[in-house]
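Here is the naming used below: chain letters follow the sequence lines, and residue numbers restart at 1 for every chain.
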Amino acid sequence: MARGYDFKSIEAKWQQIWEESGVFSVKEDPDKPKFYLLEMYPYPSGRIHMGHVRNYAIGDVMARFLRMRGYNVLHPMGWDAFGLPAENAAIEHGIHPARWTYENIAYMRAQLKRMGFSYDWDREITCSDPDYYRWGQWLFLKLHEKGLAYRKSSTVNWCDVCQTVLANEQVEGGLCWRDESPVVKKDLVGWFFRITAYAEELLSGLDGLSGWPEPVKVMQRNWIGKSVGAEVRFPLAGRQEALTIFTTRQDTIFGATFMILAPEHPLALSLSKGTSEEKEVIAFIDRMKREDKVRRAAADVEKEGVFTGAYAINPLTQERIPIWLGNFVLLEYGTGAIMAVPSNDQRDFEFATKYGLTIRLAVVPIDAEMDESTIGEAYEGEGVLVNSGPFTGMGSREAREAIADFLEQKGMGSRSVNYRLRDWGISRQRYWGNPIPIIYCKKCGTVPVPYEDLPVILPQDVEITMKGGSPLAKVASFVNVPCPRCGGPARRETDTMDTFVDSSWYFLRFASPHALDAPVERSQVNYWMPVDQYIGGVEHAVLHLLYARFFTKAVRDLGLVSVDEPFARLLTQGMVCKETYRCPEHGFRLPEEVDAEGRCRECGRPAEIGRTEKMSKSKKNIIDPDDLLAKYGADTARLFCLFAAPPEKDLEWSDQGMEGTFRFLIRIVRLVEDHKGFLRSPSGPIPFAKLVAGRALYRKAQQTIQRVTQDIENEFHFNTAISALMELANEIGRFDTVGQPDEEEDRRFAYTYALEILVILLSPFAPHLCEELWECLDRKTSIFSTAWPTYDAAIIQAEEILVVVQVDGKVRSRVYLPSSADEDAMRGAALADERVRGWLRDRSIGKVVVVPKRLVNIVTGEHR
RNA sequence: GCGAGAGUGGCGGAAUUGGCAGACGCGCUGGACUUAGGAUCCAGUCCCGCGAAAUCGGGAUGGGGGUUCAACUCCCCCCUCUCGCACCA
């Protein structure tokens, strides 16, 4: 026990009481405003880390605060329990993924309980439970019926380490988001969700999300990548067909002097057939196929291409222009073909320069000279059209409309919109995930598993390896099933769903976690949704948060929910960071691997104190929440996370900061315990008007109510809320409890009041200790069934205000005035102030600026 | 390259409808109590200067310019850092 603060028994005691009383389980209640507060559920990796502690501490303050403010708060927790690490554990330690996962969950649930988070555990969801994943399968089948889930062959991102496909969103800079190994391309058949069907709504919906951080919305907008332009048909010379391209710059079409196709373009081979270029074209296509997609897509790779031998007709100039293949043209975007305008597109310019192709100006800047013979780079800005027939002289912006109209009138093309967003590939060639409920029959083709046969249970006895394809494919009893349609022999789909599918609707399930005949119970989900406040890491800005928005809209269109957007407000908390130690020979070192002189204990070389980085095992700078619980307890750990930085910023870990926070709690314990005999006033409350000795302290307590309430409510400024509490604690500590005998009642009353306010206001941050102190203060019911205190604006207003007096903008004096002082009184008092008069000697008074209740600025004229 | 965000004491951070820059905490310095202090309490702590002293003077919010009675806050230019996207036609 530490100096009178026995956090271990206090925390255990109250956690047990909360659990037994079930105070945090909720149900729908029409008499209270509802509030759905959600933090991103964790992957059960083994133990919680500081990022979880911070995330959930932020959420728990909100939950407890809002309950005391009279809201009906839904605050659930669950487990993102499917995923690859479970399979890795199976291979490394021979533990079954299910056992590994459920043991981790048991341990982590206990950790969360020891942190004292106020979850409604009755609603706990584990997405690897058949009760949960059957509804994921059900939703898959519904999406399939609507054409929103489909199967296709495509070139996919393949991670060799994970032995599975990755979605576009899961590739970061050409590397796997999970293990940072290079991603390679591979042709595979797999299942996709048609997220692109919602591209426009996902984009426009962002405008309504005023409670989301702007950076996240920007990232999503960029990811969706809407481009407005036109599709234009370029007739092929000597053929009936035409080549369709997409462009956003139809105003530059008169400068289109050649065309480029992606090497994989279906016309690529046939165009060169029979030409003298055929051999080279085949060789080029082969080479591109072998080359890694990621490397090819990097911007710094040199552009290269090959002439197909074929020509197209520029529909506006009627010019015969050559068709090339180019490594930088992507099959997946637009039509996989482009018109090349080297004068107005830098990529086309580089290509044209390399291969000696024609460059002709189409759009030139208004105020600068440009010449085909001297052009050094493409001009990509807005400007004026040249060489453009009837459109010459038109502004480029205007010309885009005019040329689009022209193309539509002549039947040469049409306005068109393209998105960078691709459909979401959800097939994973792994075991520990939700089985895709599809059966393949030779006779009937692709057959959905009938709803009444759900769930497709993930079999238990599976040999897990990281090679040779999906583990499920080797389980004969799973694979071989009769076709639901014809009864003939058929086989199951052996891919499982991306785990992001599970997390795309778990927030809906929390509203009715035990619904037996549907994924959600409609009245309950409509009562609770949307999530009023969602809290989690910014790393999911485009992954989970985009998928979840898509799912919500799709599920809405199935008639299951009535909201358009799942998360009304979003808080993305910063990372938890700590300084690192690095030895030139041994790399990152643990703090205990470095001695007091800062040398590596192994080789004696000075270890460099590295930069502050996100806590991670590999950087050896993690803090284990279990250690904090043992040394300081949950309240201190939570309070420090909230005090050290505002939630959206990175938090820099500081052991000394932890100590300071711990000391603060000990001081509060002493404030209560050292004055036990002094507390409580037998004669009842004293009206503020009659308070004398305790007047200032009472007012400070009232002011603190205002500050803490506002800081929590607006912008989540927990750090400043806590500093306000520290100020109040300091003032209580300074308060003279002795005084004159006739003032004793007055002092007792104010002291007790201030202390009670301190404990209540602190309770969302340090709930266990505050319950305990509340009990010490002789209160009989839980502090969390107490209403959040209110303040009186008239009391908060001090009788006297401090007015700053400036002369020519510099502070020269300060005067105290009654708070009722009007502008004239302020001006008069300022001008009468002796110090100010000294500064005004020899000068004439020009303007006098008066800011009510704050400041007087006297502007002087020239010297007299 | 494009997009977004951020630069304030020794450190984490306060203060932006423009109105006392540095709240609160850490660290540090001095003192008290102590056999002892890495416990606790009290005082001090942005920089420079005069001074016995402060309700003294000057300077200071990445750098430079501007608007204003008044700028950490608004406008323009520049520098640095972080994050996201990265040949998307």
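Ring geometry for A/Tyr5 against A/Phe662 counts as tilted: the plane angle lies between 30° and 60°, on a 0 to 90° scale.
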Residues A/Leu206, A/Arg221; criterion side-chain contact (heavy atoms from CB on, under 4.5 Å); working and verdict: CA-CA 8 Å; A/Leu206 291 170; A/Arg221 272 189 204 109; 3.6 Å; yes
Walk me through it: do A/Leu725 and A/Phe765 pass the test side-chain contact (heavy atoms from CB on, under 4.5 Å)? CA-CA 11 Å; A/Leu725 291 169; A/Phe765 303 93; 4.2 Å; yes
Let's go through A/Glu613 and A/Cys577 carefully: what are the C-alpha distance in whole Å and the side-chain angles of both, what is the deciding distance for side-chain contact (heavy atoms from CB on, under 4.5 Å) to 0.1 Å, and is it a yes or a no? CA-CA 5 Å; A/Glu613 302 209 54; A/Cys577 301; 5.9 Å; no
Assess the residue pair A/Phe640 and A/Trp653 against the criterion (ring-ring contact (aromatic ring centres under 6.0 Å, His included)); give the C-alpha distance rounded to whole Å, side-chain angles, the decisive distance to 0.1 Å, and a yes or no. CA-CA 9 Å; A/Phe640 174 71; A/Trp653 188 262; 4.9 Å; yes
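Here B/C24 presents its C1' atom at 14 Å from CZ of A/Arg663, a figure rounded to the nearest Å. If you take CG of A/Asn222 and C1' of B/G1, they are 14 Å apart, rounded to a whole angstrom. Between the CG atom of A/Asn730 and the P atom of B/A43 there is a distance of 10 Å, rounded to whole Å. One atom, CZ of A/Phe328, and another, C1' of B/C88, lie 12 Å apart when rounded to the nearest Å. The distance from atom CG of A/Asn857 to atom P of B/A70 is 8 Å, rounded to the nearest whole Å. As rounded to whole Å, 8 Å separates atom C1' of B/A86 from atom CZ of A/Arg420. Atom-to-atom, CH2 of A/Trp223 to P of B/C2 comes out at 21 Å; the value is rounded to the nearest Å. Atom NZ in A/Lys614 sits roughly 22 Å away from atom P in B/C81 (whole-Å rounding).
Across the strands present, B/G37 finds no partner; the criterion is a Watson-Crick or G-U wobble pair with both atom distances under 3.5 angstrom. Summarising the base pairing, B/U61 is matched to no nucleotide, lacking a Watson-Crick or G-U wobble pair whose two defining distances lie under 3.5 Å. Using Watson-Crick or G-U wobble geometry with both donor-acceptor distances under 3.5 Å, B/U45 finds its partner in B/G27. The base-pairing partner of B/U68, taking Watson-Crick or G-U wobble contacts with both distances under 3.5 Å, does not exist among the strands shown. When both distances must be under 3.5 Å, the Watson-Crick or G-U wobble mate of B/C20 does not exist. Base pairing analysis places B/G9 opposite nothing; no Watson-Crick or G-U wobble pair with both distances below 3.5 Å involves it. B/G3 and B/C83 make up a base pair, with Watson-Crick or G-U wobble contacts both under 3.5 Å.
One C1' atom belongs to B/A60, the other to B/C20, and the distance between them is 15 Å to the nearest Å. Between B/G65 and B/C50, the distance separating the two P atoms is 28 Å to the nearest Å. Comparing the P positions of B/G9 and B/G3 gives an interatomic distance of 30 Å, to the nearest angstrom. Here, B/C88 and B/C74 have their P atoms 34 Å apart, quoted to the whole Å. Using atom P as the reference point in both B/A14 and B/C24, the two lie 14 Å apart (nearest Å). On the P atoms, B/G44 is 13 Å away from B/A23, given to the nearest whole Å. Comparing B/G12 with B/G18, their C1' atoms sit 27 Å apart, to the nearest whole Å. Nucleotides B/U16 and B/A6 are separated by 15 Å at their C1' atoms, to the nearest Å.
If A/Val804 and A/Met219 are placed on RNA chain B by their nearest nucleotide, the residue sitting closer to the 5' end is A/Val804. Between A/Gly809 and A/Gly334, it is A/Gly809 whose nearest contact on RNA chain B lies nearer the 5' terminus.
Set against B/A86, B/G19, B/C20, the side chain of A/Arg814 has B/C20 as its closest nucleotide. Between B/U40, B/C87, B/A89, one nucleotide has an atom nearer to the side chain of A/Ser227 than all others, and that is B/A89. When distances are taken from the side chain of A/Lys810 to each of B/C41, B/G19, B/G58, the shortest belongs to B/G58. Of the candidates B/U55, B/C26, B/C88, B/U55 carries the atom nearest the A/Arg835 side chain, counting heavy atoms from C-beta on. When distances run from any side-chain atom of A/Arg812 to the nucleotides B/A89, B/A86, B/G57, the shortest one goes to B/G57. Listed nucleotides: B/C87, B/C24, B/C20. Nearest to the side chain of A/Gln806: B/C20.
B/G25 has its base anti relative to the sugar, with a glycosidic angle deviating from 0 by more than 90°.
Below the 3.5 angstrom threshold, one finds a donor paired with an acceptor across the side chain of A/Arg422 and the base of B/C88.
Across all strands, A/Leu802 comes closer than 4.0 Å to base atoms (heavy-atom distances). Across all strands, A/Ser654 comes closer than 4.0 Å to no nucleic acid atom at all (heavy-atom distances). As judged by a 4.0 angstrom heavy-atom cut-off over every strand, A/Trp839 is placed among residues touching the sugar-phosphate backbone only. Among the atoms of the strands shown, none is found under 4.0 Å from any heavy atom of A/Asp348. Residue contacts for A/Gly225: at a heavy-atom cut-off of 4.0 Å it reaches no nucleic acid atom on any strand shown.
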Can you give one letter per nucleotide of nucleotides 4-15 of chain B, 5' to 3': B if a protein heavy atom sits under 4.0 Å from the base, S if only from the sugar-phosphate, - if neither? S-------BSS-
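Side chain of A/Asn314 to backbone of A/Ala256: a donor-acceptor contact under 3.5 angstrom is found.
Checked against the 6.0 Å centroid threshold, A/Trp324 and A/Phe351 count as a close aromatic pair.
Residues A/Glu579 and A/Tyr581 have side chains that bring a donor and an acceptor to within less than 3.5 angstrom of each other. At a cut-off of 3.5 Å, with distance as the only test, a side-chain donor of A/Ser813 or A/Asp833 sits close to an acceptor on the other residue. Side chains of A/Tyr355 and A/Glu304: a donor-acceptor N/O pair is absent below 3.5 angstrom, by distance only.
Stacking of A/Lys303 on the aromatic ring of A/Phe328 is recorded, both the 6.0 Å distance cut-off and the 45° axial limit being met.
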